[in-house]
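Here the structure is a predicted model, which is why all the values come from computation and not from measurement. Read the numbers this way: they start at 1 and go in the same order the structure lists the ligands and their atoms.
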Amino acid sequence: MTIAENPAKIPADTSPTHLEYLRLLAAPTTSLAEHSRRHRPLPIFERPGSFLPELEKSGLTGRGGAGFPAWRKLTAVAAGADPIVIANGAEGEPASRKDRTLLSSSPHLVLDGLQVAAETVGARQAFIYVAHPAAFAGVRAALAERQKAGTDRVPVSLVEAPDTFISGQETAVISAIEGDAALPRDAVMRVVDSGFRGRPTLVQNVETLAHLALIARRGAGWFRQCGTREEPGTFLATVSGPVVRAGIYEQPYGTTIGRVLESAGGATAPLQAVLLGGYHGTWLPLDADTWTTPMSRAGLQPYGGSVGAGVVIPLARSACGLVAAAQITDYLAGQSARQCGPCLNGLPRLADTLAALAGRQARAGLVDEVARLAAVVDGRGACRHPDGTARFVRSSLSVFRDEVSAHLAGVCTADVPS
Ligand SMILES: Cc1cc2nc3c(=O)[nH]c(=O)nc-3n(C[C@H](O)[C@H](O)[C@H](O)COP(=O)(O)O)c2cc1C
Ligand code: SF4
């Protein structure tokens, strides 16, 4: 019996409790006065660009999924004329709750980060794009408070995001802010060069901006006190599925998968696998090795995975991985903007073929057909939605390969009591 099959045998976590890593979640408040008491004053950067060297030293990476170095994006945008800055709080990923939690509990931290980013790139206009009603209301109230207090030097507009999977893709964000549908565009140029109305545009996830606000206050050295050399600091993990306390847990990069699950109180059932990063993410089989695998780019690279937007969903041993994968693929196929061939034709066929496999329809060539369709859609859309879906499907076929063989023989091992 493996550790994953018997969560009661998982060794107690002897590392410092995750509470020691609380940064973003350390001093939640929706009041501007209380926020100002709980945090050091935000420094004023006299000229655009003066914060960039400190930001580079901090090594801050984006928390919206791709993990791109923040200073590189800010540097590129700062080099252009009349730039704008957008805080991306769309959180279209169905398994993620971190952005709305942060926006509802600490809206001023995100808005501080937006100001620092705007001043750093020399923007005279900023937007915050938010989907979920409680977070939207919280940001609206926070902006009203800041306006009354005269806090912000760069004016900020709040824009409502539709609650769809792709509304947070950066060109969809720009399209929505320009007043069009929140659909990805076939971007010929990088948005850092030509985005909102052809101007250099910084689109940064709201969690990234909250970290940026803390770095501005406390410096790169402080930020690097936890995390790894390549990925310093903490990230917000959204843990759901068969765990004692599903929720948001702030963790340092490099913590192990097991510790993240332990922070949620541990598993409520024997586990077989874990989905990391979100619906565009990667499955890992859960065993003694992966339990201690670091949540970092380097740690997950051998599995083809990444921390992504911090989603962690374990799968119970009693569940069928193929059924779970087929449900997610069906959702992803339904969420495409239906603008490009791979989404219009490829994703629905991919979802149907995987559903047939999950439904134990033993047709010759079913697995090859799923693999072929995943290859056909990969890299062929205007945005990365087909690529993310293909990656998820490939990972499902690989991690649940025993289940695939069983299904082709008309059996589902999830039906067999363990
Ligand atoms: C289909 C799709 C959906 C996305 N949804 C979001 C989202 O909801 N929120 C977000 O911050 N980034 C989302 N992204 C990533 C953004 O395009 C962009 O990279 C990100 O906002 C940049 O912020 P960061 O560098 O701070 O991570 C999505 C990307 C894709 C391909
Ligand atoms: S690849 Fe799909 S989701 Fe992306 S723009 Fe094209 S149709 Fe829309």
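Figure legend: Arg23 and Trp222 shown as a cation-pi pair, the cationic atom lying under 6.0 angstrom from the six-membered ring centre and within 45 degrees of its axis.
Within the listing of ligand 1, atoms 9 (N), 10 (C), 11 (O), 12 (N), 13 (C), 21 (O) sit less than 4.0 angstrom from a heavy atom of Asn88. Of all atoms in ligand 1, listed by their number and element, those nearer than 4.0 Å to a heavy atom of Glu170 are 16 (C), 17 (O). For ligand 1, the atoms lying closer than 4.0 Å to a non-hydrogen atom of Gly62 are 24 (P), 25 (O), 26 (O), 27 (O). Below 4.0 Å from some heavy atom of Val203 lie the following atoms of ligand 1, by number and element: 21 (O), 22 (C), 23 (O). In summary, the atoms of ligand 1 found under 4.0 Å from a heavy atom of Ala90, numbered by their order in the structure, are 8 (O). The distance from ligand 1 to the heavy atoms of Thr208 drops below 4.0 Å at these ligand atoms: 24 (P), 26 (O). Atoms of ligand 1 lying under 4.0 Å from at least one heavy atom of Gln204, given by number and element, are 23 (O), 24 (P), 25 (O), 26 (O). Close contacts of ligand 1 with Gly92, meaning ligand atoms under 4.0 Å from a residue heavy atom, involve 8 (O).
Of all the listed residues (Gln169, Glu91, Arg63), Gln169 holds the heavy atom that lies closest to atom 4 (C) of ligand 1.
With waters left out, the protein N, O or S atoms under 2.8 Å from atom 6 (Fe) of ligand 2 add up to 1.
Looking at every heavy atom in both residues, Tyr279 comes nearest to Ile313 through CE1-CD1, 4.4 Å. Considering every non-hydrogen atom in both Cys320 and His407, the closest pair reads SG-NE2, 3.4 Å.
No side-chain donor-acceptor contact under 3.5 Å links Thr61 to the backbone of Glu231.
Polar contact with ligand 1: present for Lys73 (N/O pair, distance under 3.5 Å). Considering backbone and side-chain atoms together, Asp99 places no N or O closer than 3.5 Å to any N or O of ligand 1. Taking distance alone, with nitrogen or oxygen atoms compared against 3.5 Å, Gly64 approaches ligand 1 more closely than that limit.
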Which is it for Thr120 and Leu212 under the side chain to side chain contact (heavy atoms under 4.5 Å, CB included) test, yes or no, and what are the steps along the way?
CA-CA 11 Å; Thr120 300; Leu212 191 137; 5.9 Å; no
